[in-house]
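A short write-up of the structure that comes next.
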Amino acid sequence: QVQLVDSGGGLVQAGGSLRLSCAVSGRTRGNYAIGWFRQAPGKEREFVSAITLSSGTTIYTDSVKGRFTISRDSAKSTAYLQMNNLKPEDTAVYYCAAARYTPDLSRPSNYAYWGQGTQVTVSS
């Protein structure tokens, strides 16, 4: 079993920054990846970014490239999502999730474990 606790959301003005954290506990031996997803009201859950815990390989959805950075601290068993230059359209509940590595880390159904979500609100 893997447990995830995500945190760090809040209210910020457009152009501001937030850093989300995802504390990971439990068995993550093997090639696991941590993904960040977001879900706005009335919309489907959307992939944001992912990182493989072993190699640190990262992927991003196009709308956040150059603004968001995903990272992991193996010693702290924590993954982060640094979000800069936030826009109102980034407003959503953000979830971290864990999956054994698959070629398609952008698909929510490939993730077996999820955090509880943290609200990010960007005002214009």
Derivation and outcome, side-chain contact (heavy atoms from CB on, under 4.5 Å), residues Val2 and Val24: CA-CA 7 Å; Val2 176; Val24 182; 4.0 Å; yes

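- A heavy-atom distance below 4.5 Å is not found between the side chains of Thr91 and Arg38.
- Across all non-hydrogen atoms, the minimal contact from Ala40 to Ala92 is N-CB, 3.8 Å.
- Ser77 OG to Gln3 CD: the interatomic distance, rounded to the nearest 0.5 Å, is 11.5 Å.
- Contact check for Asp90 versus Phe68: side-chain heavy atoms found under the 4.5 Å cut-off.
- Residues Ala98 and Ile34 come closest through the heavy atom pair CB-CD1, 3.8 Å.
- Separation of atoms OG (Ser21) and CG (Leu81) is listed at 9.5 Å; rounding is to 0.5 Å.
- Put simply, the residue from Tyr95, Trp114, Tyr94 that forms a ring pair (Phe, Tyr, Trp, His ring centres under 6.0 Å) with Phe37 is Trp114.
- No single ILVMFWY cluster, assembled from side-chain heavy atoms under 4.5 Å apart, contains both Val48 and Tyr80.
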Derivation of the side chain to side chain donor-acceptor pair (under 3.5 Å) call for Asp104 and Ser106: CA-CA 5 Å; Asp104 187 0; Ser106 67; 2.6 Å; yes

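- By the 4.0 Å N-to-carboxylate-O rule, Asp62 lies close enough to Lys65 to be salt-bridged with it.
- The CD1 atom of Ile70 lies 9.5 Å from the OG1 atom of Thr52; values are rounded to the nearest 0.5 Å.
- Here the CG-CG distance, from Leu53 to Asn31, works out to 8.0 Å after rounding to the nearest 0.5 Å.
- Here the closest heavy-atom approach between residue Val120 and residue Gly9 is recorded as CG2-CA, 4.1 Å.
- Across Arg67 and Lys87, no two heavy atoms sit closer than the pair NH1-CG, 3.8 Å.
- Thr78 contributes a side-chain N or O that, together with a main-chain N or O of Lys76, makes up a donor-acceptor pair within less than 3.5 Å.
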Criterion side-chain contact (heavy atoms from CB on, under 4.5 Å) on Val122 and Leu18, from CA distance to verdict: CA-CA 10 Å; Val122 184; Leu18 284 172; over 6 Å; no

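- Residues Met83 and Val64 are not in side-chain contact: their nearest non-hydrogen atoms beyond the backbone lie 4.5 Å or more apart.
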Worked verdict on Asp6 versus Thr118 for side chain to side chain donor-acceptor pair (under 3.5 Å): CA-CA 6 Å; Asp6 40 34; Thr118 184; 5.8 Å; no

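- Within the 3.5 Å criterion, the main-chain N or O of Ser54 finds no donor-acceptor partner in the side chain of Tyr32.
- For the atom pair Leu20 CG and Cys96 SG, the distance stands at 9.0 Å (nearest 0.5 Å).
- The minimum heavy-atom distance linking Pro108 with Arg45 is given by the pair CG-O, 4.4 Å.
- Separating the CD1 atom in Ile51 from the CH2 atom in Trp36 is a distance of 12.0 Å, to the nearest 0.5 Å.
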